[in-house]
Number of protein chains: 4
Amino acid sequence: MRYTCVMSKTAKGRATRQSFQDAARRVFERDGYLNARLSDIAEEAGKSMASFYNYFDSKEALLTDLATDFDTELQAKVAEPFERGLAPHDALPEAIRAFYRHYRTRLPDVVGIVQASMVDPKFAADWREIRTNGVRTISIGIRRAQRDGWAPGLDPMLAASALSSMLEHFCWVWLAQGGDAIDVELEEDHAVDTLWKLWSHAIYWTEAE
Amino acid sequence: MRYTCVMSKTAKGRATRQSFQDAARRVFERDGYLNARLSDIAEEAGKSMASFYNYFDSKEALLTDLATDFDTELQAKVAEPFERGLAPHDALPEAIRAFYRHYRTRLPDVVGIVQASMVDPKFAADWREIRTNGVRTISIGIRRAQRDGWAPGLDPMLAASALSSMLEHFCWVWLAQGGDAIDVELEEDHAVDTLWKLWSHAIYWTEAE
Amino acid sequence: MRYTCVMSKTAKGRATRQSFQDAARRVFERDGYLNARLSDIAEEAGKSMASFYNYFDSKEALLTDLATDFDTELQAKVAEPFERGLAPHDALPEAIRAFYRHYRTRLPDVVGIVQASMVDPKFAADWREIRTNGVRTISIGIRRAQRDGWAPGLDPMLAASALSSMLEHFCWVWLAQGGDAIDVELEEDHAVDTLWKLWSHAIYWTEAE
Amino acid sequence: MRYTCVMSKTAKGRATRQSFQDAARRVFERDGYLNARLSDIAEEAGKSMASFYNYFDSKEALLTDLATDFDTELQAKVAEPFERGLAPHDALPEAIRAFYRHYRTRLPDVVGIVQASMVDPKFAADWREIRTNGVRTISIGIRRAQRDGWAPGLDPMLAASALSSMLEHFCWVWLAQGGDAIDVELEEDHAVDTLWKLWSHAIYWTEAE
DNA sequence: TATGAATGAGATTTCATTCAT
DNA sequence: GATGAATGAAATCTCATTCAT
């Protein structure tokens, strides 16, 4: 999370800044980050391009802001079920749901980060960091399950990576790309339930079985 | 797969065409598709940019070629274990391995297709088609397993989508992005084994359990 | 000297005005006039850019102020040794010294005027006017020397122009540009002495010699 | 002399390159280097701006080319009278004339270099180097004169710097700026004669006198 | 078949200046 | 008197693609 940005002192300035972020979100969702021109964002915000530069150094700088917020909130929301005191097994579906919802709510930000990471090494690094946080958390859960006798012999780190991929890419496909099937409107409950079933059975098994 | 391309009659022409494809692969792997300029590809091929247009209508057309081959071979390789007559359960790890290997071998093509699909609706559609083939195949396997009593109540389509995401994105992360952990060199056997364990347990379970 | 400027009535206003001039001087010395942005000057002055326009119509207007002062003082200082009643030959080194000192003291103003005259015809005219004053004075001195039998046949106007160039450009090179030699710190006395020797021998000679 | 440039392989390419240089010269002379826009140069050359970039990386790169040529030729032309075997005293006016002519002939280049050195440290360094070559040569001449008993006690380096300033700035004022007097058309012979008289008497004197 | 040359169409960025408060 | 916000108007540079040879 590197690029810098300027904090406005007045309410009007903050409002304008916000309007650029909102406009950017709409444009990212509509055209994608890479196809979004600064002029589109400015137009969508009802401001001039020059005004944009009073608040952000560049399109990348704006996205960095969005990404930082995205990351911070994601960490908090996913951790919440576990910190609330639920048993790991019960917290899991809640965490999956939190991830799914966050992805859907902040979809433009995801689109931005994913696309930017395709062309900009800085963003690739940022996005990787965000992802790694999730993988680490998952691997801890797997290790804990293994101490209880589940999934003997499974590589916790690699399995966490794979499960993270499943969750992340499933959300990408269905929320950002329109899904794998035409004419199917995906229900949140159904998606979360399916992911949870796969996930839990992928971990909570024993050799005996 | 829409863009057209020209087939050369002479041996020299075919060689030049091939040299552009090879050069493009090297450049895509090094710089990514979106950052690759036609001039880079021509330089890498030791040809002029104008010559490129004797063989391909555009950068996209070249990529379409790569993508078509990628898809055709992928389908064949992944289907092979099943068609060889192995039991579904035994064919699975072989199919996973085939996918993993194909991904690694044709990495530049994957990079190209994935990146192009970010900015070009045509490629997004192509990539989606490739993906859908895989998902459909997986879902058939799940349905078959369910007829044998496994995974009751699991949505075959959605589960297939999720497992496909796991496989696909895991390969992307570890083969194209350098993986989730620094200083870890991933062994093919280990990767395939982990994916297979997760996958098989995610499907081969019963309520009783 | 054309651009207009506003005279403040209050003490606070005059102080602010002064602070902009001082800031501009520092910035001109550091970055040059052409590279100096109004925002730099305002920042250096600890004021807003908008405030600048309460005192000056433009960057050029500010510079015009500096240039006017520069010129007025220069004329006075250079004329002083002659008006003090010294013999022309004795007044000369004093005048050279006065010029040299003024140049050094008001270096930022010189940098500003010289640079502005490169892109702005108005300043080119101003700077030329300042220069012409000097040349005229010098030519008068030469004519007087010629009445005493020195430098017969020398074109007073052209010689004055050349000597003025020597003085002016020498000062520019050594005071604004860092000099012709690395690792040499120029002493005022030495510079003045050298210039005076060249100048006086260039004028005070006879054919007989 | 740092910026790079591309050498064309065909005659047409070289002609285009030349036409850009010629156009740039005309524009520099008319508008000055700093006020010259790439679009002006391209228009003057009857080419597109994009074409410009096939031959030069930037306006600076083009100027670097001009400056390199300017410098090379200047060194050769000024040195020629001395190398021809003339006595130093007789070679001097020839060298002054060569300098004056080169300045006049290559005026656009001079305008470019002088102006660029105002805003670009790289050019400042280049221009300084060109100047230093001249100063060094002059100082050698002074030292030689001093061995013959002339100008005892004069600092050769500093005097050379001052005389170089006289020559250089005189040419600048009269050739690039229109001169110090209105309604005077300067004759080359007259200018060279005046400069030579000043220069020679400034050096060839003895204390006795 | 090959290629050097040429260009149209953009996209980003800078900065002096104006305006409302 | 002071300032944050807003902008018009440039100017530079990139790159896929076309064309003449």
Could you check which residues of residues 19-35 of chain D get a heavy atom under 4.0 Å from DNA chain F? Sort them by number, please.
none
Nearest to side-chain heavy atoms of [X], which nucleotide of [options]:
{"X": "B:Thr10", "options": "F:dT14, E:dT14, E:dT1", "value": "E:dT1"}
{"X": "D:Arg37", "options": "F:dA10, F:dT3, E:dT7", "value": "F:dA10"}
{"X": "C:Tyr53", "options": "F:dA16, F:dT7, E:dA16", "value": "E:dA16"}
{"X": "B:Glu60", "options": "E:dA5, F:dT17, F:dG1", "value": "F:dT17"}
{"X": "B:Ser51", "options": "F:dA6, F:dC13, E:dT3", "value": "E:dT3"}

Base of F:dA5 paired with side chain of A:Asn54 (donor-acceptor, under 3.5 Å)
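Result: no qualifying N/O pair found.
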Here the distance between atom C1' of E:dT18 and atom CG of C:Leu38, to the nearest Å, is 13 Å
Between F:dA9 (P) and A:Met49 (CE): distance, integer Å:
15 Å
Complement of F:dA20, any strand, by Watson-Crick or G-U distances under 3.5 angstrom
E:dT3
Closest-nucleotide 5' rank along DNA chain F - winner of C:Phe52 and B:Phe52
C:Phe52
Taking only side-chain nitrogens and oxygens of C:Thr16, does any of them come within less than 4.0 Å of OP1 or OP2 of F:dG1?
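For F:dG1, neither OP1 nor OP2 has a side-chain N or O of C:Thr16 closer than 4.0 Å.
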Phosphate contact (E:dA2 OP1 or OP2) by B:Tyr55 side-chain N/O below 4.0 Å
yes
Pick the closest DNA chain E nucleotide for D:Lys12 and for C:Ala36 by heavy atoms, then say which residue is nearer the 5' end.
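Looking at the nearest nucleotide for each, D:Lys12 comes out on the 5' side.
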